[in-house]
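Written out below as structure tokens is the structure these notes cover.
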Protein chains: 4
Amino acid sequence: MPKHPDPSRRSERSRQAILAAARELVSEVGYAKVSIEAIAARAGVGKQTIYRWWRSRGAVVFDAFLALSEVDEGGGMALPDTGDIEADLKLVMRATVAEFADPAFEGPIRALNTEIISDPDLAAQYRERLAAPLDEAKKARLRSAQRAGQIAAGTDLDLALELLYAPLFQRWLHRSGPLTPEYADALVDLFLKAVRPA
Amino acid sequence: MPKHPDPSRRSERSRQAILAAARELVSEVGYAKVSIEAIAARAGVGKQTIYRWWRSRGAVVFDAFLALSEVDEGGGMALPDTGDIEADLKLVMRATVAEFADPAFEGPIRALNTEIISDPDLAAQYRERLAAPLDEAKKARLRSAQRAGQIAAGTDLDLALELLYAPLFQRWLHRSGPLTPEYADALVDLFLKAVRPA
Amino acid sequence: MPKHPDPSRRSERSRQAILAAARELVSEVGYAKVSIEAIAARAGVGKQTIYRWWRSRGAVVFDAFLALSEVDEGGGMALPDTGDIEADLKLVMRATVAEFADPAFEGPIRALNTEIISDPDLAAQYRERLAAPLDEAKKARLRSAQRAGQIAAGTDLDLALELLYAPLFQRWLHRSGPLTPEYADALVDLFLKAVRPA
Amino acid sequence: MPKHPDPSRRSERSRQAILAAARELVSEVGYAKVSIEAIAARAGVGKQTIYRWWRSRGAVVFDAFLALSEVDEGGGMALPDTGDIEADLKLVMRATVAEFADPAFEGPIRALNTEIISDPDLAAQYRERLAAPLDEAKKARLRSAQRAGQIAAGTDLDLALELLYAPLFQRWLHRSGPLTPEYADALVDLFLKAVRPA
DNA sequence: CGATAAACGAGACGGTACGTCTAGTCTTCCA
DNA sequence: TGGAAGACTAGACGTACCGTCTCGTTTATCG
């Protein structure tokens, strides 16, 4: 029978120290070389305290970055809405392209995806805690465009979102082509053609 | 100065044994738990023989599956071309959806992507040896549709291909939604709207 | 400053539970594998309760067996005295030999000696609470033999006792020879030769 | 099936480093606190190299001291033989008493006995490699005394040896009395009385 | 055709990290 | 307010692999 520790007695101080140590180590030595041993040492924490609350090294690091992202965005979050869906989307997609090109994001995001791919549990957490809020914000903008008659009324917004973002994501993940502002623009153009009202 | 072994003296018997052992072990215990030690033992081979010819565990396993795929497809490969681009694409996309759902492919493909994400070298090999031929076949079909006036003349086929496949790939990778024949159809419909002639 | 708990408030129920748990665990898994953790869990007691009242794991287990032995023998205890010192000693030594051969005694006694060797404190307790009463009984019988003129008047009884028992003990401890009734007899013969009146 | 490593490939350098480290650590921190981890670190050796060649921590430390003792004594070894068995034995026993009192020997010998008590394997090694040669030398002296008519012809020399040494050993092990030159003399007197010719 | 040099199987080596276990301390909560 | 419960820091346990490094043993050209 597996022991279930009592979360009410959990040390918040240790939890924070562990997440901070994980973040630091990832950016210092890279995700692949971060060990639970090193996190524990850096955090001034017994290894058991990590094993008690996380299933795996992946889960710790994942949590560390998720916590970071959740803090960053907080609750409210919205895409620009000038009324011009094309301009707004190009702005956003160019920003996204730039973000993916940022070496500081590169490592952690790739690490995140590495974990997500083969761990359905972490994938679910990722969707719920990170992707879902972002997607909702994006869909809000698309809905606004729908109301403005710029996007067809019956469009499946989940599918539309994939159409817009997945090409960019895949190109980045597989390094199968350059990520430029022009690419972002071309993608938006094609996307808008696909979803415009008949 | 790093020693460069002479490929002409390489033992083909050992090479085959290693790749076979790698494949077997991946399907038996899962990619993450396959070790070079285990591959060597299973193949009846010294560890050094693996280190001599491959850079990393990822490279071995990658090679093992690449070799498998390359054998499967051989040289020629073409998508169906009945003249009806919509019907042809839906057929292909439904088949792709089914393939991704196959548990036998699931594991290895996820493992492959795990390696690719953080190893640019393997990513390049993947593109050249696996993705490129497939993409070429797909682009050939799209060109045929272009000639038939079903797809706009100026369309960037690389981008178009991403528009068609990336949404499916991302949904599978992140498990962010169901992969059904209906999904395949909806994706093709949206895609064709995006690339149809003005 | 070390806290000295008030013995008057000590929970007798906990004490008994701890000693019982210690005894059970020793006979179940062997002395070397008994941990304070396991004793506390088995006794349904907090670890601190053990640390409060005992100095070490050895002290707990030692106490557990000492308590047991003290109960067994009670107060009165005497060697047989038929007037024939040779016959009486051979009887006693043969019994002792048999006791050492008993597998049920083997483990605990070896464990006891392990602790005693390197912990002077436990050694002192052992002498006072276990060895002294036994030795006193044995010396009583020797004194009786002295009075009967079977043992020299000036004999140092402490040394005599060592002469009689230490060879047997050492042979058992080091497993340096067989422990048989014949051995007991031979030992008694030699002993009596050493201590007989001039 | 337990793996049996090939002794011919064993690194003598590592073996020596391990034994030396073990000896150093025992005298620095005491036997009880010596860990395999520490020995490996001190010796500049992987832990596996220790586990490959020794069964337990006890076995390593044991070997370390046994190796030391074996070197010390070399092959030849004999007790003094002036023709006066009483004088010779008193000399030897006084020396033995002094040796046991030496704090530098105290620790290691107690540690040795701790291991021996509960590990029959080590006990056997101890008898063969350490005790047997010493006992043989002692028995040689007793045989010489037998030939000189100072000890009864039929005496069982193994038993006699125990009679002579076990009391001293037990008193030291259990700290049950003072170890003085006078004690040594008294012991020899009693011993000689036991074994003298009828 | 015999030497000679490479790749080979095997596996010991110094190491790192694993995940588990226990020590001994500290904290919380209950009776 | 003492004691059960158990989370905490610390660190050893024994195992699994890492990548490197000898060892002999094939093999396979070349002199």
Side-chain angles (χ1 to χ4, degrees), chain A residues 3-11 13-15 17 33-41 43-53 55-57, chain B residues 3-15 17 33-41 43-53 55-57, chain C residues 5-6 9-11 13-14 17 33-41 43-53 55-57, chain D residues 3-11 13-15 17 33-41 43-53 55-57:
Chain A
K3 273 290 211 43
H4 285 291
D6 178 352
S8 76
R9 311 194 55 174
R10 182 168 188 179
S11 160
R13 146 184 272 279
S14 292
R15 191 179 146 267
K33 284 179 192 155
V34 172
S35 65
I36 288 195
E37 207 117 304
I39 295 174
V45 136
K47 282 199 288 176
Q48 204 59 41
T49 301
I50 297 182
Y51 284 110
R52 200 172 358 252
W53 303 110
R55 288 189 305 100
S56 67
R57 179 190 66 135
Chain B
K3 271 289 215 42
H4 284 290
D6 177 352
S8 77
R9 313 197 57 166
R10 180 168 188 180
S11 160
E12 182 60 17
R13 148 185 270 279
S14 292
R15 191 179 147 268
K33 284 180 191 154
V34 172
S35 64
I36 287 196
E37 207 114 309
I39 295 174
V45 137
K47 283 197 288 176
Q48 202 59 251
T49 302
I50 297 182
Y51 284 110
R52 200 170 0 248
W53 303 109
R55 288 188 307 104
S56 68
R57 179 190 68 133
Chain C
D6 178 353
R9 315 198 59 161
R10 181 167 189 182
S11 159
R13 145 184 272 280
S14 293
K33 284 179 192 156
V34 172
S35 63
I36 288 197
E37 205 112 313
I39 295 173
V45 139
K47 282 199 288 176
Q48 202 55 248
T49 303
I50 296 182
Y51 283 109
R52 215 186 325 270
W53 302 109
R55 286 189 306 105
S56 67
R57 178 189 68 134
Chain D
K3 273 290 209 44
H4 284 291
D6 178 352
S8 77
R9 309 194 54 177
R10 183 167 188 180
S11 160
R13 146 184 275 279
S14 293
R15 190 179 147 268
K33 284 180 192 155
V34 172
S35 64
I36 288 196
E37 206 116 307
I39 295 174
V45 135
K47 280 199 288 177
Q48 204 58 39
T49 301
I50 297 182
Y51 284 110
R52 211 183 334 265
W53 304 109
R55 287 189 306 101
S56 66
R57 179 189 66 134

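Keep in mind the model is a prediction, meaning the values are calculated, not measured. Every chain is numbered from 1, with letters handed out A, B, ... down the list of sequences. Reckoned from all heavy atoms, side chains included, excluding hydrogens, waters and symmetry mates.
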Next item on the list: Grab the CD-P distance between E37(C) and dC8(F) for me, whole Å please.
Entry: 14 Å
Notebook entry, point to check: With nearest nucleotides of DNA chain E determined for S56(C) and R57(A) from heavy-atom distances, which residue corresponds to the more 5′ nucleotide?
Noted result: R57(A)
Notebook entry, point to check: Of the candidate nucleotides dC18(E), dT22(E), dA7(F), which contains the atom at the shortest distance from the side chain of S35(C)?
Noted result: dT22(E)
Next item on the list: With sequence neighbours left out, write down each residue that passes side chain to side chain contact (heavy atoms under 4.5 Å, CB included) with S56(D), or none if nothing qualifies.
Entry: A59(D)
Next item on the list: Write down the distance between CG (D6(A)) and P (dC30(E)), rounded to a whole number of angstrom.
Entry: 11 Å
Next item on the list: Supply the atom-to-atom distance K47(D) NZ to E37(D) CD, rounded to the nearest 0.5 angstrom.
Entry: 4.0 Å
Checklist line | Selected nucleotide, minimal atom distance to I36(C) side chain, candidates dG14(F), dC18(F), dA23(E) | finding: dA23(E)
Margin query: Without decimals, in angstroms, what is the distance between R15(A) CZ and dA7(F) P?
Written below: 17 Å
Margin query: Tell me the interatomic distance from I39(C), atom CD1, to dT22(E), atom P, rounded to whole angstroms.
Written below: 11 Å
Could you go over nucleotides 2-4 of chain F and give all protein N or O partners under 3.5 Å, atom names and distances?
from, atom 1, to, atom 2, distance (Å)
dG3(F), OP1, R9(C), O, 3.2
dA4(F), OP1, S14(C), OG, 2.5
dA4(F), OP2, T49(C), OG1, 2.4
dA4(F), O3', G44(C), O, 3.1

Checklist line | First encountered from the 5' end of DNA chain F, between K47(D) and K47(B) | finding: K47(D)
Notebook entry, point to check: Going from CZ on R57(A) to CD1 on I50(A), what distance comes out if it is rounded to the nearest 0.5 angstrom?
Noted result: 12.0 Å
Margin query: Among residues at least two apart in sequence or on other chains, which ones pass side-chain hydrogen bond (donor to acceptor under 3.5 Å, both in side chains) with S35(C)?
Written below: none
